[in-house]
Visitor: 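Could you have a look at this structure, given as structure tokens, before my questions?
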Amino acid sequence: MISSVSSNSVSPTTRIIAVTNQKGGVGKTTTTINLAAALARKQRVLLVDLDPQGNASTGLGIEYDQRNVGTYAALMQEAEPHALAQPTEFENLSIITANNELAGAELEMIGDERREYRLRDALRALEGDYDTILIDCPPSLGLLTLNALVAADSVLVPLQCEFFALEGISQLVRTIDRVRRAFNADLHLEGIVLTMYDRRNNLSELVAQDARGFFGEQVLETLIPRNIRISEAQSHGSPVLNYDARSTGAVAYVALADELLKRTENRTKA
């Protein structure tokens, strides 16, 4: 069980991070789940599952019949946001789940003049209830992801250490710039996290070097390794930190959480 948060550590403000990459299979949902669990060691955390596949909900052990009211209801303004967040079995970590209804949300919102602001409006009601809100986005740059970018303070981009990994990132960066200009002037790139890193594979190191050469300090220092314990944990509906806290995967996600918290602290001081 993740240790509880002391009352002195609670922040008066809520930071919202959208975890996104339009390319599938990059470790996006895995990163969201495990980063949420690692942050929950020190903070109150809410995970918002905005992917109709609902993998983040599954990864936190939420059975499908427990997902009747979730992000779809938030976007459709059918329920109060406070009523949508449900606790998980992990201390300090709550979730707003996703189910198949979410797949039709984009079509249902298309005629709304404020369709890009639906999620932001919902999450504003939770300001101060959580220290960090992580949004697990679908692997696309559609209206659901746009809602996440408009609602978020920053964007975290998982990037797998494989061939063609950098393809599409420039498109995502341009999308972030357009969202900043049109909808959310405060949006910034939280960072790029390298996932599926294999020290035995020269390609992983080459991709890491290319990413750092192109994006510089925007690439986080923490590397998320390929680790079978991460995959096993997901199949058990649990973050790897709870499944095997000593595994290399768990250690890496703890390091990632601490690095993000340190970056936020430094940004605040600046």
Visitor: Are the side chains of L203 and D198 in contact, using a 4.5 Å heavy-atom criterion?
Guide: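 No, side chains not in contact.
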
Visitor: We want to know whether T29 and D136 form a side-chain donor-acceptor pair, criterion being a heavy-atom distance below 3.5 angstrom.
Guide: yes

Visitor: Restricting to side chain to side chain contact (heavy atoms under 4.5 Å, CB included), what partner residues turn up for Y64, sequence neighbours left out?
Guide: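 Testing Y64 for side chain to side chain contact (heavy atoms under 4.5 Å, CB included), a comparison that skips the adjacent residues, returns R67, N99, N100.
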
Visitor: So do the side chains of F214 and V219 get within less than 4.5 Å of each other, counting heavy atoms only?
Guide: no

Visitor: Which residues satisfy the side chain to side chain contact (heavy atoms under 4.5 Å, CB included) test with E63, sequence neighbours excluded?
Guide: D65, Q66

Visitor: Going by an N to O cut-off under 4.0 Å, is there a salt bridge joining E190 and R15?
Guide: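 Yes, charged N to carboxylate O under 4.0 Å.
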
Visitor: Quick one: does V179's side chain get under 4.5 Å of I176's, heavy atoms only?
Guide: no

Visitor: When you compare the side chain of Q43 with that of N92, does any pair of heavy atoms fall below 4.5 Å?
Guide: no

Visitor: Under a 4.5 Å side-chain heavy-atom rule over Ile, Leu, Val, Met, Phe, Trp and Tyr, are M76 and V150 clustered together?
Guide: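 Yes, one cluster joins them.
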
Visitor: For S238, give me all partners under side chain to side chain contact (heavy atoms under 4.5 Å, CB included), at least two apart in sequence or on another chain.
Guide: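 In terms of side chain to side chain contact (heavy atoms under 4.5 Å, CB included), with neighbours along the sequence ignored, S238 is linked to F90, N242, Y243.
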
Visitor: Mind checking the CD1-CG spacing from I16 to L119? Nearest 0.5 Å is all I need.
Guide: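 Reported value, rounded in 0.5 Å steps: 7.5 Å.
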
Visitor: Between L194 and L189, is there shared hydrophobic-cluster membership here, with clusters defined by ILVMFWY side-chain heavy atoms closer than 4.5 Å?
Guide: yes

Visitor: Could you please spell out the steps behind the side-chain contact (heavy atoms from CB on, under 4.5 Å) verdict for I17 and V155?
Guide: CA-CA 6 Å; I17 303 174; V155 184; over 6 Å; no

Visitor: Could you tell me whether D258 and R263 have a side-chain N and a carboxylate O separated by less than 4.0 Å?
Guide: no

Visitor: Would you indicate whether the side-chain heavy atoms of I62 and Q86 approach each other to under 4.5 Å?
Guide: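 Yes, side chains in contact.
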
Visitor: Between R174 and D177, is the closest basic N to carboxylate O distance under 4.0 Å?
Guide: no

Visitor: Just checking, is any N or O donor in the side chain of Q160 or T195 under 3.5 Å from an acceptor N or O on the other one?
Guide: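 Per modelled atom types, Q160 and T195 side chains form no pair under 3.5 Å.
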
Visitor: Less than 4.0 angstrom from a charged side-chain N to a carboxylate O is my criterion; do R229 and E232 meet it?
Guide: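 Counted as a salt bridge, because a side-chain N and a carboxylate O are separated by less than 4.0 Å.
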
Visitor: Verify side-chain contact (heavy atoms from CB on, under 4.5 Å) between L146 and F183, making sure each step is shown before the conclusion.
Guide: CA-CA 10 Å; L146 178 57; F183 303 107; 4.2 Å; yes

Visitor: Stepwise, does the side chain to side chain donor-acceptor pair (under 3.5 Å) test hold for S57 with D49?
Guide: CA-CA 7 Å; S57 302; D49 191 349; 2.7 Å; yes

Visitor: Taking C-beta and beyond as the side chain, do T71 and T97 meet within less than 4.5 Å on heavy atoms?
Guide: no

Visitor: Which donor-acceptor pairs under 3.5 Å do side chains of residues 107-114 form with protein atoms, sequence neighbours excluded?
Guide:
from	atom 1	to	atom 2	distance (Å)
E108	OE1	Y72	OH	2.8
E108	OE2	Y72	OH	2.9
D112	OD1	R114	N	3.0
D112	OD2	R118	NE	2.6
D112	OD2	R118	NH2	2.8
R114	NH2	D121	OD1	3.1
R114	NH2	D121	OD2	3.1

Visitor: Among L123, T20, T145, whose side-chain contact (heavy atoms from CB on, under 4.5 Å) with I135 holds?
Guide: L123

Visitor: Looking at every heavy atom in both C161 and V207, which two are closest together, and how far apart are they?
Guide: CA-CG1, 3.8 Å

Visitor: Identify the two heavy atoms, one from A38 and one from L241, that lie closest to each other, and give their separation to 0.1 Å.
Guide: CA-CD2, 3.9 Å

Visitor: Heavy atoms only: give me the nearest D244-A250 pair and the separation to one decimal.
Guide: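 For D244 versus A250, the nearest heavy atoms are O-CB, 3.3 Å.
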
Visitor: Is there a donor-acceptor pair under 3.5 Å between the side chain of E89 and the backbone N or O of G61?
Guide: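 A pair under 3.5 Å: no.
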
Visitor: Minimum heavy-atom separation for S247 to V240, with atom names?
Guide: OG-CG2, 3.5 Å

Visitor: Are R120 and N147 close enough, and set up right, to give a side-chain contact (heavy atoms from CB on, under 4.5 Å), and what steps lead you there?
Guide: CA-CA 7 Å; R120 188 186 76 171; N147 262 262; over 6 Å; no

Visitor: Consider only side-chain heavy atoms of I, L, V, M, F, W and Y, link residues closer than 4.5 Å, and tell whether M196 and I33 are in one cluster.
Guide: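 No: no chain of side-chain contacts under 4.5 Å links M196 to I33.
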
Visitor: Mind checking side chain to side chain contact (heavy atoms under 4.5 Å, CB included) for T222 and listing every partner two or more places apart, or none if nothing turns up?
Guide: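 Residues passing side chain to side chain contact (heavy atoms under 4.5 Å, CB included) with T222: I224, A255, L256, E259.
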
Visitor: For a quick test of reading the model, state the closest non-hydrogen atom pair linking P225 to I230 and the distance between them.
Guide: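 Shortest heavy-atom separation between P225 and I230 comes out as O-CD1, 3.9 Å.
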
Visitor: Can you find a pair of side-chain heavy atoms, one from L35 and one from L156, that are under 4.5 Å apart?
Guide: yes

Visitor: Taking G128's backbone N and O only, do any of them form a donor-acceptor pair with T14's side chain (distance below 3.5 Å, no angle check)?
Guide: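 Yes; at least one donor-acceptor contact below 3.5 Å.
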
Visitor: Mind checking the CD-CG spacing from E91 to L93? Nearest 0.5 Å is all I need.
Guide: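 These two atoms lie 10.5 Å from each other.
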
Visitor: Could you give the distance from CG (L134) to CG (L50), rounded to the nearest 0.5 Å?
Guide: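 Between atom CG of L134 and atom CG of L50 there are 13.0 Å.
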
Visitor: Quick one: do D129 and R44 make a salt bridge, cutoff under 4.0 Å?
Guide: no

Visitor: Kindly state each residue pair satisfying side chain to side chain donor-acceptor pair (under 3.5 Å) with at least one member in residues 210-220, sequence neighbours excluded.
Guide: none

Visitor: Between N21 (side chain only) and P158 (backbone N and O only), is there a donor and an acceptor less than 3.5 Å apart?
Guide: yes

Visitor: May I have the step-by-step check of side chain to side chain donor-acceptor pair (under 3.5 Å) for T30 and Q234, ending in yes or no?
Guide: CA-CA 8 Å; T30 299; Q234 289 182 178; 2.3 Å; yes

Visitor: For F215 and I169, what are the C-alpha separation, side-chain angles and deciding distance, and is it a side-chain contact (heavy atoms from CB on, under 4.5 Å)?
Guide: CA-CA 10 Å; F215 291 103; I169 294 296; 3.2 Å; yes

Visitor: Would you mind reporting whether V26 and L159 have side-chain heavy atoms less than 4.5 Å apart?
Guide: no

Visitor: So which heavy atom on C137 is nearest to which on D51, and how close?
Guide: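 Minimum heavy-atom contact is O-OD2, 4.1 Å.
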
